[in-house]
Student: 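Just dropping this structure here.
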Amino acid sequence: HLSRERMVAQQVSQLLKVSPDQVVDRVADLLARLRAAEKQIAQQRQQAVLANAGELAAQAQAVDGARVLTAPVPGADRDGLKALALDLRQRLGSAVVVVGSVTDDHKAQMVAAVSPDLVQRGLQARAVLYPGAQVVGGGAGGKGDVASAGGRDGTKLAFSKPNCNN
């Protein structure tokens, strides 16, 4: 048993190109570098998503004195969707914004942001997302002005002109 552990330790040290007594420090360094790289990638993705905010805002439709925008955002993660939805809500003023994407494992994710004036009029972000979440086989949750939803079947995630009659 000990000889097997020594053999594994020797293989790990060879893979890392360090002596066995330096393996822990090398692994810690590599993990720190990996986390930093992942953080940088996430920031770059979010910047790329936000770069399209002006173009998306121009697509909003006026409905009963408010702006309504629904849009797919390919490649965005949930944090990017939330940042984009909040940015668009601020740009549009009195607005309802719904953005979504499909994950690499084909799951749907959506975020809705509702301006405070519309929340005061009784419109809840969770209620905006719930019907779409049911279509993709999931649910929705969140507070009055911001909610997120997801579902197992991203192939059913579709964005069309908003049905503002409901």
Side-chain angles (χ1 to χ4, degrees), residues 27-166:
V27 169
D29 177 57
L30 289 172
L31 286 173
R33 290 171 55 192
L34 176 63
R35 286 186 192 109
E38 288 173 337
K39 187 175 181 178
Q40 184 178 16
I41 289 169
Q43 288 172 342
Q44 289 175 342
R45 278 187 183 158
Q46 190 162 331
Q47 288 173 352
V49 166
L50 290 173
N52 295 327
E55 184 179 310
L56 288 173
Q59 298 173 19
Q61 297 178 358
V63 178
D64 292 333
R67 307 282 294 166
V68 177
L69 175 66
T70 61
V73 186
D77 63 7
R78 190 173 305 266
D79 291 339
L81 290 173
K82 183 176 180 182
L84 178 62
L86 293 173
D87 181 86
L88 288 166
R89 179 182 71 181
Q90 180 193 9
R91 288 173 189 248
L92 295 171
S94 181
V96 175
V97 176
V98 178
V99 291
S101 67
V102 178
T103 64
D104 292 338
D105 57 353
H106 308 292
K107 294 180 180 176
Q109 54 187 6
M110 298 170 278
V111 174
V114 178
S115 60
D117 65 310
L118 296 178
V119 172
Q120 287 179 348
R121 289 173 39 189
L123 187 59
Q124 299 289 310
R126 183 184 175 280
V128 170
L129 284 182
Y130 190 73
Q134 287 187 310
V135 169
V136 296
K143 53 185 181 171
D145 67 331
V146 179
S148 61
R152 295 177 300 280
D153 192 356
T155 62
K156 294 182 180 177
L157 183 65
F159 287 88
S160 60
K161 291 184 178 178
N163 178 359
C164 300
N165 297 325
N166 297 329

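Residue numbers run from 1 in the order of the sequence given.
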Student: At what distance, to the nearest 0.5 angstrom, does CZ of R121 lie from CG of D64?
Tutor: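 The CZ atom of R121 sits 7.0 Å away from the CG atom of D64.
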Student: Give a yes or no on whether D105 atom CG has more than 12 heavy-atom contacts from other residues, nucleotides or ligands under 6.0 Å away.
Tutor: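 Counting neighbours around CG of D105, more than 12 heavy atoms of other residues, nucleotides or ligands fall under 6.0 Å, so yes.
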Student: Side-chain donor-acceptor pairs under 3.5 Å in residues 129-147, sequence neighbours left out?
Tutor:
from : atom 1 : to   : atom 2 : distance (Å)
Y130 : OH     : Q134 : NE2    : 3.0
D145 : OD2    : R89  : NH1    : 3.1

Student: Which pair of heavy atoms, one from L157 and one from S101, lies closest together, and at what distance?
Tutor: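 Closest approach of L157 to S101, heavy atoms only: CD2-O, 3.4 Å.
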Student: Between Q90 and L86, is there a side-chain heavy-atom distance shorter than 4.5 Å?
Tutor: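 The answer is no, as the side chains (C-beta and beyond) never meet within the 4.5 Å cut-off.
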Student: Counting N and O atoms only, with roles assigned by atom type, does the side chain of S115 sit under 3.5 Å from a partner on the main chain of A95, one being a donor and the other an acceptor?
Tutor: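 The answer is yes, because a donor-acceptor pair under 3.5 Å joins these two groups.
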Student: If you take all heavy atoms of A57 and L92, which pair is closest and at what distance?
Tutor: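 Closest heavy-atom pair between A57 and L92: O-CD2, 3.7 Å.
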Student: Would a 4.5 Å heavy-atom cut-off, applied to side chains only, mark L69 and Q59 as touching?
Tutor: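 Yes; the side chains approach each other to less than 4.5 Å.
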Student: The test is side-chain contact (heavy atoms from CB on, under 4.5 Å); show your working for V99 and M110 and say whether it passes.
Tutor: CA-CA 6 Å; V99 291; M110 298 170 278; over 6 Å; no
Student: Would you find more than 12 non-hydrogen atoms of other residues, nucleotides or ligands less than 6.0 Å from E55 atom CD?
Tutor: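 Incorrect, the count does not exceed 12.
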Student: Taking all heavy atoms of V128 and all of A112, pick out the closest pair and write down the distance.
Tutor: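 Nearest heavy atoms, V128 then A112: CG1-CB, 4.4 Å.
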Student: Using atom types as modelled, flag every donor-acceptor pair under 3.5 Å from a side chain in residues 74-85 to any protein atom, sequence neighbours excluded.
Tutor:
from : atom 1 : to   : atom 2 : distance (Å)
D77  : OD1    : D79  : N      : 3.4
D77  : OD1    : G80  : N      : 2.7
R78  : NH1    : A149 : O      : 3.3

